[in-house]
Enquirer: 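Before I ask anything, let me first share the structure, which is written out below as structure tokens.
Convention: sequence-line order gives letters A, B, ...; per-chain numbering from 1. All figures in this text were calculated on a predicted structure; none of them were measured in a lab.
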4 protein chains.
Amino acid sequence: MPEKLNIGLIGAGRIGRVHGENIRFHVPGAEIVAVADLYSDKVKDWAYNLGIKHVFDDPQKIIEDERIKAVLICSSTDTHAPLIIQAARAGKHVFCEKPIDFDLNKIREALNEVEKAGVKLQIGFQRRFDPGFKKAYNLIGQGKIGDIRVIKITSRDPAPPPIEYIKVSGGLFLDMTIHDFDMARYLSRSEVIEVHAVGGVMVDKAIGEAGDIDTAIVTLKFACGAIGVIDNCRQSAYGYDQRVEILGSKGCAMVGNPPLTPTVLGTEEGILADKLQNFFIERYQQAYIEEIKAFVNCVLKDQQPPVTGNDGLQPVLIGLAAQRSLAEGRTVPLKYL
Amino acid sequence: MPEKLNIGLIGAGRIGRVHGENIRFHVPGAEIVAVADLYSDKVKDWAYNLGIKHVFDDPQKIIEDERIKAVLICSSTDTHAPLIIQAARAGKHVFCEKPIDFDLNKIREALNEVEKAGVKLQIGFQRRFDPGFKKAYNLIGQGKIGDIRVIKITSRDPAPPPIEYIKVSGGLFLDMTIHDFDMARYLSRSEVIEVHAVGGVMVDKAIGEAGDIDTAIVTLKFACGAIGVIDNCRQSAYGYDQRVEILGSKGCAMVGNPPLTPTVLGTEEGILADKLQNFFIERYQQAYIEEIKAFVNCVLKDQQPPVTGNDGLQPVLIGLAAQRSLAEGRTVPLKYL
Amino acid sequence: MPEKLNIGLIGAGRIGRVHGENIRFHVPGAEIVAVADLYSDKVKDWAYNLGIKHVFDDPQKIIEDERIKAVLICSSTDTHAPLIIQAARAGKHVFCEKPIDFDLNKIREALNEVEKAGVKLQIGFQRRFDPGFKKAYNLIGQGKIGDIRVIKITSRDPAPPPIEYIKVSGGLFLDMTIHDFDMARYLSRSEVIEVHAVGGVMVDKAIGEAGDIDTAIVTLKFACGAIGVIDNCRQSAYGYDQRVEILGSKGCAMVGNPPLTPTVLGTEEGILADKLQNFFIERYQQAYIEEIKAFVNCVLKDQQPPVTGNDGLQPVLIGLAAQRSLAEGRTVPLKYL
Amino acid sequence: MPEKLNIGLIGAGRIGRVHGENIRFHVPGAEIVAVADLYSDKVKDWAYNLGIKHVFDDPQKIIEDERIKAVLICSSTDTHAPLIIQAARAGKHVFCEKPIDFDLNKIREALNEVEKAGVKLQIGFQRRFDPGFKKAYNLIGQGKIGDIRVIKITSRDPAPPPIEYIKVSGGLFLDMTIHDFDMARYLSRSEVIEVHAVGGVMVDKAIGEAGDIDTAIVTLKFACGAIGVIDNCRQSAYGYDQRVEILGSKGCAMVGNPPLTPTVLGTEEGILADKLQNFFIERYQQAYIEEIKAFVNCVLKDQQPPVTGNDGLQPVLIGLAAQRSLAEGRTVPLKYL
């Protein structure tokens, strides 16, 4: 039996636990050997049940542990860049949740250190691993829709996060739309060169008072000549809505929302289909598994990560351009950022 | 401009009027020149608006009119066979609503007279002309599903007819299922050789008291080796339900229900699609047009009618077998009828 | 029987004939008594078959005919404004195809004359009468989706028109998107206050050489606070694609594309649903009937037309703003036009 | 932390492994402590990876182990009844794959022993735990469709099993339809009182030579007055097709097939939706998890199993009646069996 990849998990909040459990139950080639979390007390039972031997409150314990070959950074966004740098310097491969940072300089510094160290860095854009979106990506790659003309992405959360979260989220474009920017790059296999954004506060005034918006439409131009549009809302009464559509010269690939069940009820009011998946943890359950499998795989086989450091940088650039477009009411080319 | 086919309409109830209007508005090559109806007073305004010149209360006026080359028999079922015979003897082509009769001898006598006279006879199984069912028929003909294995037909009315209608309807199998028997023959391009029926009174006790049932499942064996099943109900809370499904060795053709509109409403209860079409007049609007076009066409071009006299006879045979199966609780082969 | 509304039809090209036939077959309260067309020779047979008594090559014959109470203007766009003015001065009610004109001054002059004359003017935005879009409009009116936040409209033609047509079309925004601008106003029950457009030539270089684009995304801000987006393409391999989606605080109304038939084919390649309707004549068949019924009705009952002169003006304003936005690469507020 | 339920797994073929892995990864309250399989060599690696400590080739080792409180019987059908009896006598709770046996006497003997021993017995009808079917069951329980009138079940395998399997399978009705008989009882909350079956050999002559059929339609009467129909085929070109439909007095619940992904491709051929799930292991992935959770739960909480011994007996009775109906060409009431 081959040796397992020893992984350290930094941050065992909601998403950190998803990765921890997925590695335990779906990735035979890897093992979480230690977890570090500010609230290590709250993490202990969870870790014990998963068979994770060490629970720390200081991530340095993981960085310094020579048996650990890779880290999963799932702590708060402000810690991402410093931890990437420390882990890279310690020769550890890194899986880091999005976004790397809101500050381009910090991102670039982190990417530099990763490059210097020659370690792998994969960014947590899990939607690329969703079977539906991946199938659309593959259909495009197989030439089924011809040349891409228009990319449309809809992303609506079931309900807004707490205001406290909104305040440190980096704003709608860097917190929520960032996934759609990544999806746009992924599906187009091209770079965004120009951005225009409109938006407003329609869901909750408190979001506006926190300096953010909750509803937006972002128009994109791609280097390949295609154009695109993303629409976002922090609230969707009918559930978590995640769709894409790619119009090409020969056809159109469309990804819809899988319902909770394929059960419908016909009555005199019409034909009622089931609700959508609750939220990202449920909707992207399979994607999270595939994502972390891919990370372990790229480390074990010494391959390029499927979502690179540059893939972490570009959506931040687009998000900053969208912020500027919204603020200044004009189109913003990315080359000036 | 070529001469128009002069048609006489016998019976201007609901379905007679549909045919009359369709000829007026959709069949440039034909004209209703006279209508006969027991209640000619009630028919006058309608006829006037359509530009029909003559309104009689006696169908003999139409039979005897030498300028009339074809008749549409849309009067009550008990008049079908005698009128077919009279029209045939007068050398007129005949379109007759289903069923020809409930009595096999009367049907055979009528078909004999038609054959002797060498006139066309088309029976009103309009569903064959529905674009959806026709497409399924064509897919089968093109070999897209390979050899047919299983045919499934669902036919549910939105609400039962009045009890007075039930009493003279010939019973569920000869009134309602008869369309499905025809659909089974049409799609299979084969003959039914054995029938088994179960059924009951679930919608309205009064239907049972009238000696009929309102819900049934009929199993069929076809000469080609395929098997089939029809399920019927006189009431469907969610609307008029008309589906077929043909499983073959290479695929499966399925015809669903077109909704009233393609508009859906997503709310926290789920995704609500629109209701189904109201009933057969709306659901088969296009089919009725195509049906009567086809009749006029086969007369004008001296072609075989697309639904022949034998196509009118066979479903009655199947329906009588289903009645016997239900009464005797056993499988009934058609050859013994 | 009440007197029929005598109508004169000006222009018997494709759309003029649709209206003529619909009045003949679906609007008992009106009659086309004369048609004027530059190519009256080509129109004669069609007119004869419909029972239209007079065929002219000069529309003045219709304007001057006192028995004619209303005109349908279906001639080329450059004739719309002058004919509206002449008809209004002659006291005739007017149904005019879109757009009224590409020139705001000419539109305003025509609307002034209509107002002075006190005649009805209805503009041919037929999509408002489509059962699916109307149902979405009604769901919104019933409060089913709460306050509107985002309106999305997709409109893709199956194939681009001939280059000769493109050259006189007024450009994508005034020829094609104009319907979507109207739909946006209709569904939002609000006015567009700001426009941003991106677009390009992706379908056919010749369209670019003619000074037009063939693919575009237009972002809208509404007076009510909502935002919206329209995506257009002159070519769609999978057929005529006409969808809308309105996200509100309590739900989302979505209008999809009705397939040609509800027949699907399941094979080892997947489940293949039928193609979409061919193009606007087929897709909006019912809408064209309802539209012209509504016009006749508003004249006969002396009511406000359901699509007013201002409804004809506003989309042209939005289209001009979109043209400027595209040319200047910036957001264009409508108040400056 | 509460003690875990120690389970012994008998038979580690395909389905045994599914249960083993589900307990390992999804049922924290239980642990497979030993596995017995005739081919213990082939099982070792799998067991080691799951952390199962003991691997035997003799199931008696599990029956005799006092630390083991429950067994999962996943060995061949002929061993089910004897192993149930032995396990029951040893005071162990039993989860047994379907069918218990093909022989009614053996089933009854096994159920007697279970009753005498006072242990739990749950039969492996996993479809009851599928979220879609369960939702339909719940909708019925909530009165959403009113009184049940018609139950329709479609079950088609993607491809027939090897002939060697067919020969020991008990035949179509006891191997494949048995799941549908269970579903019919589950959804109707009633008992089947009469059966009629037609069928034939349409997929592979070798199946006929083995004395079996591969395609069938089975009609059912229920004690509650409803009627039902099941259609089966051993081959389905478009994939594993598992649907149910329950028509009631107030509505209709329908369970469709979840596609592999919600991704569709629109081209000039139509709109192509994704394939269906491959086969039962994929289609019922969630159901298998819920099923085994329910078993562990009923043991730990000393509750009635959700699928009882009688639930294992009844579908065999129905299957035998279907066999007789097919052989004798008549309707078979269950009370005479």
Side-chain angles (χ1 to χ4, degrees), chain A residues 135 144-152 154 156 194-204 213-222 224-239 241 243 245 247-254 256 270 325-326 328-333, chain C residues 135 144-152 154 156 194-204 213-222 224-239 241 243 245 247-254 256 270 325-326 328-333:
Chain A
K135 172 150 190 179
K144 298 280 188 188
I145 68 162
D147 297 326
I148 295 178
R149 291 173 179 169
V150 178
I151 291 179
K152 291 169 62 183
T154 294
R156 298 170 186 161
E194 200 181 287
V195 178
H196 177 265
V198 297
V201 178
M202 307 192 204
V203 175
D204 185 355
I213 56 172
D214 53 41
T215 307
I217 292 172
V218 183
T219 308
L220 306 172
K221 276 193 184 175
F222 296 89
C224 65
I227 53 180
V229 65
I230 296 163
D231 74 280
N232 287 153
C233 189
R234 286 279 194 190
Q235 189 186 61
S236 169
Y238 60 99
D241 187 352
R243 285 172 285 157
E245 182 179 320
L247 174 67
S249 52
K250 286 162 55 181
C252 188
M254 288 170 267
S325 172
L326 186 76
E328 302 179 5
R330 62 176 184 87
T331 298
V332 176
Chain C
K135 172 151 189 176
K144 297 280 189 188
I145 68 162
D147 297 326
I148 296 178
R149 291 174 179 169
V150 178
I151 291 179
K152 291 168 64 182
T154 293
R156 298 170 187 163
E194 200 182 286
V195 178
H196 177 266
V198 297
V201 179
M202 307 192 204
V203 174
D204 185 354
I213 56 172
D214 53 40
T215 307
I217 292 171
V218 183
T219 308
L220 307 171
K221 276 193 186 176
F222 296 89
C224 65
I227 53 181
V229 65
I230 296 163
D231 74 280
N232 286 154
C233 189
R234 284 280 194 190
Q235 188 186 61
S236 169
Y238 61 99
D241 187 353
R243 284 172 286 157
E245 182 178 319
L247 174 67
S249 52
K250 286 162 55 182
C252 187
M254 288 170 267
S325 172
L326 185 76
E328 303 179 5
R330 62 175 183 89
T331 298
V332 175

Enquirer: Which atoms of A:C233 come close to chain C, meaning under 4.5 Å heavy atom to heavy atom: side chain ones, backbone ones, both, or neither?
Expert: side chain
Enquirer: Non-hydrogen atoms of chain C under 4.5 Å away: do they reach the side chain of A:V203, the backbone, both or neither?
Expert: both
Enquirer: How many angstroms lie between atom OH of A:Y238 and atom CG of C:L247, to the nearest 0.5 angstrom?
Expert: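 A:Y238 OH to C:L247 CG: 5.5 Å, rounded to 0.5 Å.
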Enquirer: Just so I understand: if I count every heavy-atom pair under 4.5 Å between each of A:G251, A:C252, A:S236, A:G228 and chain C, which residue has the most?
Expert: A:C252
Enquirer: Let me see the working for A:H196 and C:T219 under side-chain hydrogen bond (donor to acceptor under 3.5 Å, both in side chains), right down to the final yes or no.
Expert: CA-CA 9 Å; A:H196 177 265; C:T219 308; 4.5 Å; no
Enquirer: Check salt bridge (Lys or Arg N to Asp or Glu O under 4.0 Å) between C:D241 and all other residues, then give those that pass, not counting sequence neighbours.
Expert: C:R156, C:R243
Enquirer: Tell me, for A:K250 versus chain C, whether the close heavy atoms (under 4.5 Å) come from the side chain, the backbone, both or neither.
Expert: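 For A:K250, backbone heavy atoms alone lie under 4.5 Å from chain C.
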Enquirer: Tell me which of these, C:I227, C:T331, C:V229, has more heavy-atom pairs under 4.5 Å with chain A than the rest.
Expert: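 Highest number of heavy-atom pairs under 4.5 Å: C:I227.
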Enquirer: What part of A:V150 gets closer than 4.5 Å to chain C, counting heavy atoms only: side chain, backbone, both or neither?
Expert: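 Side chain of A:V150 only, per the 4.5 Å heavy-atom cut-off to chain C.
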Enquirer: Between A:E245, A:E194, A:K221, A:R330, which shows the greatest number of heavy-atom pairs under 4.5 Å with chain C?
Expert: A:E245
Enquirer: Show the nearest heavy-atom pair for residues C:A237 and A:S249, with the distance to one decimal.
Expert: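 Smallest interatomic distance, heavy atoms only, reads CB-O, 4.0 Å.
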Enquirer: Can you name the salt bridge (Lys or Arg N to Asp or Glu O under 4.0 Å) partners of C:R149, sequence neighbours left out?
Expert: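 Partners of C:R149 by the salt bridge (Lys or Arg N to Asp or Glu O under 4.0 Å) criterion come out as none, since no residue qualifies.
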